[in-house]
Amino acid sequence: MLLEIKDLSVEVEGKEVLHNINLEIDHGETHILFGKNGSGKTSLLMAIMGISGYKITKGSIFFKGVDITHLPINERAKMGIGMSFQRPPTISGVKTRDLIEKINNNGKSTEDIAESLDVAEFLDRDINLGFSGGEIKKSELLQLVAQNSDLILLDEPESGVDLENIKVIGNVIKNLLQKHLRRQRVRAGLVITHTGLILNYLEADRGHMLLDGGIRCEGNPREMFEAIRNFGYEECARCQR
Amino acid sequence: MSEIKEKAEAAAAADKKALYGTDIDLSGFKRDAPVHDYDPEMSGFSEEERKNFAEVGIVTSGEERSGSFLLMDHSPVHCSISQEGVELLSMADALERYDGLKDYWWKAVDVETDKYTARAEMDFNNGYFVRVKAGVKATFPIQACLYIGEEGIAQNVHNVIIAEEGSELHLITGCTTAPRLGRGLHIGVSEIYIKKGATLTSTMIHNWGEDVEVRPRTVVMVEEGATFMSNYVCMRSVKSVQMYPIVRLLGKDAVARLNTILVATKGSEMDVGGSVSLEAPGTRAEVISRTISAGGGIIARGRLVGHKPGVKAHLECNGLMLSEEGYIRAIPELDGRVAGVEMSHEAAVGKISQEQIEYLMARGLDEEAATALIVRGFLNVEMEGLPEELQREIDRIISESEESIL
Ligand SMILES: Nc1ncnc2c1ncn2[C@@H]1O[C@H](COP(=O)(O)OP(=O)(O)O)[C@@H](O)[C@H]1O
Ligand SMILES: [Mg+2]
């Protein structure tokens with residue numbers, strides 16, 4: 001098993017936002033996380049990444065068989081966890097290129113990676129400074145492609161992206177998750193989506209729906225998305241159980 | 001006795017304190033210094049000294065410089081020029097040659113400003129005089145090094161810089177001390193005249209010792225269509241530096257841009273600012289400072305005075321606290337004297353955001369590397385007109401001071 005989350009509870013600002021989460025992701029699998037605003041999706045990704053402020057009060061996280069529950073963020077990254085943030089901070093004065101060169105683990109040059117995403121011009125801009133919503137998503141993916149992680153956490157990668165660019169982003173994610181490979185595929189993903197648009201680009205293996213901080217439904221992601229779209233989150237939670 | 005001398009004596013007698021900064025007892029410093037020989041090749045320096053010079057932008061080879069001047073204690077030990085149309089003299093020589101430089105000497109700076117200007121007049125040691133002739137564009141910068149080698153002395157300097165109409169010049173002033181120097185005092189009066197359509201870029205790098213007190217007094221007069229750009233960098237320890245250069249945009253469409261980078265380590269007190277007075281229509285100014293306290297104290301001042309409708313100016317004071325000790329006080333001031341001025345400011349003091357650090361850590365950087373990258377970005381102000389090698393030097397100083405402050 002690549003990622004195992006066992007009975008995890010997480011507190012933010014003194015309030016428990018995730019309760020007793022259990023989730024397993026194996027090599028090569030793509031999982032989708034559904035849930036309405038404030039249901040705890042971002043918190044789950046942040047807790048997996050180890051971001052402070054998302055305090056684990058109970059349970060544990062295993063990655064590649066190692067207990068990472070209390071590991072520093074950079075060590076999780078080094079072990080192969082990569083994340084695209086929903087709202088990443090701006091870092092003024094630091095060129096995107098400077099960061100990518102430091103983290104590039106891809107085998108290809110920084111320039112080539114940026115070219116392949118058609119975002120060469122990002123390299124000479126300060127990290128996230130003045131980026132539009134769509135540009136931020138692309139810049140996050142650019143960093144992830146350079147990082148070459150084994151588990152990719154994507155927090156709403158298509159929110160705020162126009163229709164033309166959804167296609168670009170969808171294909172980048174497809175590549176990132178090695179969808180072109182079959183048996184040899186090792187990369188895994190955990191993807192948050194509201195729009196479901198990303199589902200058109202990824203054969204996702206499993207869906208999970210968060211409601212009020214708990215996983216309330218699991219199953220085929222396309223079926224779940226249809227159910228949520230037609231009947232809403234609460235109804236979806238009821239029908240499956 | 002001349003009127004100037006009288007005023008100086010009066011201000012000195014009254015022990016007239018500076019508007020800002022801690023007060024210094026001037027009697028605690030030696031007035032006399034040994035006389036040093038002229039050094040035509042700037043060759044009489046140890047490797048350690050040359051390294052000190054390089055850190056403040058002074059290259060002893062003189063390569064890629066249009067001229068070089070070096071004041072050691074009170075002696076002008078070197079003065080050479082290789083650019084047609086640019087004059088570089090020791091101040092004493094210039095006063096003699098131009099009969100006291102009556103149109104410029106104490107015409108921008110008021111000798112009665114405080115006891116430091118008074119002292120600079122009464123105990124004038126020397127300084128440099130630079131004049132670029134009309135229309136001349138100097139290929140390379142002129143470098144001037146002010147160096148204190150003798151323990152416990154006061155160095156009182158008075159400089160005059162004139163950029164005639166349509167000329168262009170980059171002046172690098174590097175200030176440093178002998179390795180392991182203890183106490184010292186530097187007073188530096190600079191009167192800068194930038195005439196119609198001329199451009200002067202002044203880059204000043206300070207690397208004094210931890211027990212040296214520094215009181216520069218600068219006024220810049222900028223005429224119509226002229227541009228003044230100033231880059232001031234002080235990232236090494238100093239006991240105290242207090243300066244508040246005043247830039248007067250006197251002619252239509254004159255422009256000023258002041259960049260300041262300060263890093264105060266423990267024991268250093270820096271009270272540094274700049275005031276730009278927009279006195280003519282169409283004038284513009286930008287005053288930007290990035291300051292870091294790594295245990296030391298910083299007061300970052302900035303002041304814009306708008307006298308004419310339609311003038312535009314912006315002030316930015318950003319401070320980063322890297323230590324539990326120390327302080328940063330940002331004091332931006334906007335003074336609009338008529339309706340229709342467009343002036344704004346932005347000031348922020350804080351510590352490095354945990355969110356930024358963790359974002360970079362999620363990319364695999366350890367905490368130290370993440371912090372270093374953010375600090376470097378913070379100090380990365382675009383300083384226009386810098387020669388590439390000087391920009392590299394500043395980058396290097398930044399990365400070195402990063403190591404010492406983190
Ligand atoms: N920094 C924070 N401070 C206070 N409450 C927070 C913070 N971050 C998240 N929360 C709360 O935690 C809950 C889950 O939020 P989040 O994980 O961002 O949800 P989602 O990503 O599903 O929209 C919400 O109630 C939200 O208000
Ligand atoms: Mg969210």
Side-chain angles (χ1 to χ4, degrees), chain A residues 45-54 71-106 124-129 136 139-155, chain B residues 231 233 235 259-263 288-292 316-320 322 346-384 386 391-392 394-399 401-402 406:
Chain A
L45 263 52
M46 295 297 228
I48 297 171
M49 197 70 243
I51 303 297
S52 69
Y54 297 84
L71 226 52
I73 303 167
N74 57 312
E75 303 208 356
R76 300 182 198 213
K78 287 236 166 75
M79 284 179 72
I81 304 180
M83 170 163 175
S84 102
F85 288 71
Q86 188 177 5
R87 283 184 218 90
T90 296
I91 303 183
S92 298
V94 182
K95 301 280 173 252
T96 305
R97 180 196 309 280
D98 298 343
L99 175 59
I100 308 259
E101 298 214 312
K102 282 196 198 308
I103 63 172
N104 194 350
N105 192 23
N106 177 296
D124 293 314
R125 290 172 63 181
D126 290 5
I127 298 169
N128 298 325
L129 181 66
I136 282 182
S139 173
E140 289 292 289
L141 286 179
L142 170 66
Q143 295 173 46
L144 279 181
V145 172
Q147 246 184 303
N148 229 8
S149 311
D150 297 324
L151 174 67
I152 316 275
L153 310 172
L154 301 174
D155 198 343
Chain B
N231 304 307
V233 177
M235 298 196 286
N259 297 315
T260 301
I261 294 181
L262 304 176
V263 175
I288 291 173
S289 69
R290 296 274 189 282
T291 61
I292 291 186
E316 225 176 278
C317 308
N318 289 333
L320 200 55
L322 289 185
E346 182 184 328
V349 176
K351 57 177 189 169
I352 292 191
S353 100
Q354 187 66 16
E355 192 194 4
Q356 291 182 350
I357 292 178
E358 294 192 352
Y359 178 61
L360 296 177
M361 288 175 76
R363 300 289 178 239
L365 304 190
D366 63 30
E367 187 169 356
E368 206 170 301
T371 307
L373 195 63
I374 295 164
V375 166
R376 176 176 291 225
F378 176 78
L379 293 178
N380 185 8
V381 195
E382 224 138 284
M383 297 197 264
E384 282 165 62
L386 280 194
Q391 181 65 58
R392 272 201 303 275
I394 290 176
D395 290 347
R396 201 177 59 75
I397 301 172
I398 290 178
S399 70
S401 65
E402 237 169 59
L406 293 178

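In the text below, chain A, chain B and the rest are named by the order of the sequence lines, each starting its count at 1.
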Partners meeting side chain to side chain contact (heavy atoms under 4.5 Å, CB included) with A:S84 (sequence neighbours left out): A:E140, A:L144, A:L154
Pairing residues for A:N104 by the side chain to side chain contact (heavy atoms under 4.5 Å, CB included) criterion, not counting sequence neighbours: A:N106, A:T110, A:I113, A:A146
Working to the nearest 0.5 angstrom, can you tell me the gap between [X] [atom1] and [Y] [atom2]?
X	Y	atom1	atom2	answer
B:Y359	A:L99	OH	CG	7.0 Å
B:Q356	A:N128	CD	CG	10.0 Å
A:K78	B:R363	NZ	CZ	14.0 Å

Heavy-atom pair with the smallest gap, counting every atom of B:A362 and A:A77: O-CB, 3.4 Å
Proximity breakdown for A:N148 and chain B, heavy-atom pairs closer than 4.5 Å: neither
Side chain, backbone, both or neither of A:T90 within contact of chain B (heavy atoms, under 4.5 Å): backbone
Check: A:I103 and B:L365 side chains under 4.5 Å, non-hydrogen atoms: yes
A:I91 side chain reached by B:L373 side chain, heavy atoms, under 4.5 Å: no
Donor-acceptor contact below 3.5 Å, side chain B:E358 vs main chain A:S52: yes
Within 6.0 angstrom of A:K102 NZ, more than 12 heavy atoms from elsewhere: no
